[in-house]
Amino acid sequence: MTENVDVLLIGGGIMSATLGTLLKDLQPDLKIAVLERLSDVAQESSNAWNNAGTGHAALCELNYMPDNKEGDLDPSKAVAINEQFQQSRQLWATLVAEGVLDEPSTFINATPHMTFVRGEKDVAYLRRRYEVLKQQPLFAGIEYSEDSRVINQWAPLLMQKRRKGEPFAATRVPAGTDVDFGSLTRQLFANLREKGVDVATNHDVKKLKKQKDGSWQVSYRHVIGGTPGSINAKFVFVGAGGWALKLLQRSGIPEIKGYGVFPIGGQWLKTSNPDIVSKHRAKVYSQASVGAPPMSVPHLDTRVVDGESALLFGPFATFSPKFLKNGSMLDIVTQVRPHNILPMLKVAVDNPSLIKYLVSELLKTHAKKVDSLREFMPTAKDEDWELLDAGQRAQVMKRDKAKGGVLQFGTEVVTSADHSIAGLLGASPGASTAVSIMLGLIKTCFPERMPAWEPRLRDLIPSYGETLNTHPEMARKELDATAHALAINP
């Protein structure tokens, strides 16, 4: 017999965990099931060592507020990203208070967010960025300095043996965070299991077929033994990372036509040397190299994972045709369809700098990668740092009327016309903004239930329906409340 459920979540990452948590809270009688191909949840991009763990709030990431030829700086995207992260903080704070999540330190820790630049041009840009952002309520507390003594207090490893006379500057927001999305994901799924949600691992989805009644029959195989099975769902969410494209293609929905993905892998330099780790407590971002994708902005980060403190530097881009670390070498080929081949070819033609950047990254030895680190940390020694593989990021390629095809950095939800199936494509800042993304999905796919659900949503997320940045007093209140609840007071 085929099991029938109201909601099927494909993929055991932070997106499915967040959506399942919200839906089960809003309507406890919903029958929800989860299918994950691997032996446990949070093994791909949500795994702590596969991502930077940055609570992306645009506090330090320059790509959310790029410079332009006119010299004007528009803070709107940075503010929007920050607004999204505040919704995540509020939900997590509520879930901690209600006992759904464990002690906050098991998944989030206060870690200042810094930006560090060198050279007169970048120093001038960072100074202008600071002047704009300090006026925004969500960026209250941002600090700026060109004084080596001040920056040395903020992050000593940046300044040791730095050349005299070199122009440099830094901004710092003490209220930044480091997030273990792996731990967070596992805790959310553990709670869903307690509430009766069937979280089935080692289940590989093979086929999605629309039924006459509007539901979906999802066929799968057990990874161990190969036993087939199927499940019928009124609504399907595909949160399977890079494989979301492949599964949405198998569904046959026309909305996925024209889409492709370009996989970019990554590596970190990692050290757990306590003498080094103890001297750096921050996430420090800088400018990306020419042609580098936004996800490859260099940064030197404090990480706290399962109680272990370490430093990561990178990421360094790698290339694999796989859409997931545990994917197939044929992924990049099997995605090709008549409707997406032209957009993908156009992306290849229009992005030679990206191709050049990837080739240069692939040619870097361990020693060359430590040389890159020395631009941040002049005292870095080769023997203190090991290479660690990060997760795969599947960047969206899609049709564009004006250009034919574009490469898109960020995340995008693809939804069928009848709202019976949706999937998430793309990468950063995904995990940090999972709550906002899933709230948007719920509003789109369950419009008839929103009037009944909105009061509870305002309990879970006090700023729901509002923008904090346009209400300074509300922003201050919510920032203080979530900082207290999550024990992340700077």
Side-chain angles (χ1 to χ4, degrees), residues 5-24 30 32-38 40-47 50-51 84 88 91 181-182 184-193 197-206 208 216 218 220 231 233-251 253 255-256 259 261 263 323-327 331 391-396 410-416 419-446:
V5 298
D6 297 305
V7 175
L8 177 64
L9 309 173
I10 301 176
I14 186 62
M15 293 295 172
S16 291
T18 301
L19 180 59
T21 297
L22 287 168
L23 290 176
K24 196 63 178 174
L30 282 177
I32 301 175
V34 182
L35 298 180
E36 163 57 45
R37 185 172 60 94
L38 300 180
D40 198 2
V41 299
Q43 293 301 296
E44 285 285 348
S45 293
S46 298
N47 181 277
N50 286 343
N51 60 70
Q84 290 180 306
S88 293
L91 178 63
F181 287 106
L184 178 62
T185 300
R186 290 189 295 272
Q187 290 183 41
L188 292 175
F189 275 123
N191 179 70
L192 286 173
R193 286 188 176 102
V197 173
D198 183 14
V199 181
T201 56
N202 290 312
H203 282 58
D204 188 7
V205 173
K206 296 296 186 182
L208 301 94
W216 289 89
V218 179
Y220 59 83
I231 186 169
K234 296 175 184 177
F235 173 77
V236 176
F237 171 67
V238 185
W243 273 30
L245 174 74
K246 299 172 70 171
L247 295 177
L248 289 171
Q249 286 178 335
R250 292 175 191 175
S251 76
I253 60 171
E255 288 78 11
I256 199 61
Y259 281 89
V261 297
F323 288 173
L324 296 170
K325 282 183 80 170
N326 295 281
D331 284 346
Q392 287 287 100
R393 299 292 184 266
Q395 307 293 344
V396 177
T411 52
E412 182 166 346
V413 176
V414 178
T415 307
S416 65
H419 304 153
S420 65
I421 187 171
L424 184 77
L425 303 177
S428 183
S432 299
T433 57
V435 173
S436 177
I437 294 170
M438 293 301 102
L439 287 174
L441 183 149
I442 289 171
K443 188 174 182 179
T444 297
C445 297
F446 300 89

- Item | salt bridge (charged side-chain N to carboxylate O under 4.0 Å, His left out) contacts in which one or both residues fall within residues 242-251, not counting sequence neighbours |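 Passing the test, one end in residues 242-251: K246-D331.
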- Task: Can you run down the salt bridge (charged side-chain N to carboxylate O under 4.0 Å, His left out) pairs that involve residues 6-21, sequence neighbours left out, and say none if there aren't any?
- Result: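 Those involving residues 6-21 are D6-K234.
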Not counting sequence neighbours, which residues clear side chain to side chain contact (heavy atoms under 4.5 Å, CB included) with [X]? List them please.
X: A190; answer: none
X: T411; answer: L424, I437
X: D204; answer: R37, K206, V223, W243
X: T185; answer: I14, A17, A42, S46, F189

For [X] versus [Y], what's the shortest heavy-atom pair and its separation?
X: A394; Y: G242; result: CB-CA, 3.8 Å
X: S416; Y: I253; result: CB-CG2, 4.0 Å
X: G410; Y: Q395; result: N-OE1, 4.3 Å
X: L425; Y: A244; result: CD2-CB, 3.9 Å
X: P263; Y: Q392; result: CB-NE2, 3.8 Å
X: F181; Y: A431; result: CE2-O, 3.6 Å

Sequence neighbours excluded, which residues qualify as side-chain hydrogen bond (donor to acceptor under 3.5 Å, both in side chains) partners of [X]?
X: K325; answer: N50
X: S45; answer: R393
X: D198; answer: none
X: E44; answer: N326

- Query: With sequence neighbours excluded, what pairs up with E255 under the salt bridge (Lys or Arg N to Asp or Glu O under 4.0 Å) test?
  - Reply: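 Once residues adjacent in sequence are excluded, E255 has no partner under the salt bridge (Lys or Arg N to Asp or Glu O under 4.0 Å) criterion.
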Say you draw a straight line from [atom1] of [X] to [atom2] of [Y]; how long is it, rounded to the nearest 0.5 Å?
X: L9; Y: S16; atom1: CG; atom2: OG; answer: 5.0 Å
X: L8; Y: W216; atom1: CG; atom2: CH2; answer: 12.0 Å
X: L30; Y: L23; atom1: CG; atom2: CG; answer: 6.0 Å
X: F237; Y: I10; atom1: CZ; atom2: CD1; answer: 9.5 Å
X: L439; Y: T18; atom1: CG; atom2: OG1; answer: 9.5 Å
X: N47; Y: R186; atom1: CG; atom2: CZ; answer: 7.0 Å

- Task: Take L441 and T415, measure what side chain to side chain contact (heavy atoms under 4.5 Å, CB included) needs, and give me the verdict at the end.
- Result: CA-CA 8 Å; L441 183 149; T415 307; 5.6 Å; no
Any side-chain heavy atom of [X] sitting closer than 4.5 Å to one from [Y]?
X: T444; Y: V413; value: no
X: V414; Y: V238; value: no
X: I32; Y: L192; value: no
X: I421; Y: L248; value: yes

- Residues two or more places apart in sequence or in another chain: which of them pass ring pair (Phe, Tyr, Trp, His ring centres under 6.0 Å) with F235?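 Partners of F235 by the ring pair (Phe, Tyr, Trp, His ring centres under 6.0 Å) criterion, ordered by chain and then number, come out as F446.
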- Given side chain to side chain contact (heavy atoms under 4.5 Å, CB included), test L35 with I231 step by step and report yes or no. CA-CA 10 Å; L35 298 180; I231 186 169; 4.3 Å; yes
- Query: Would you say Q249's side chain and L247's backbone share a donor-acceptor pair under 3.5 angstrom?
  - Reply: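 Checking the backbone N and O of L247 against the side chain of Q249, no donor-acceptor pair under 3.5 Å is found.
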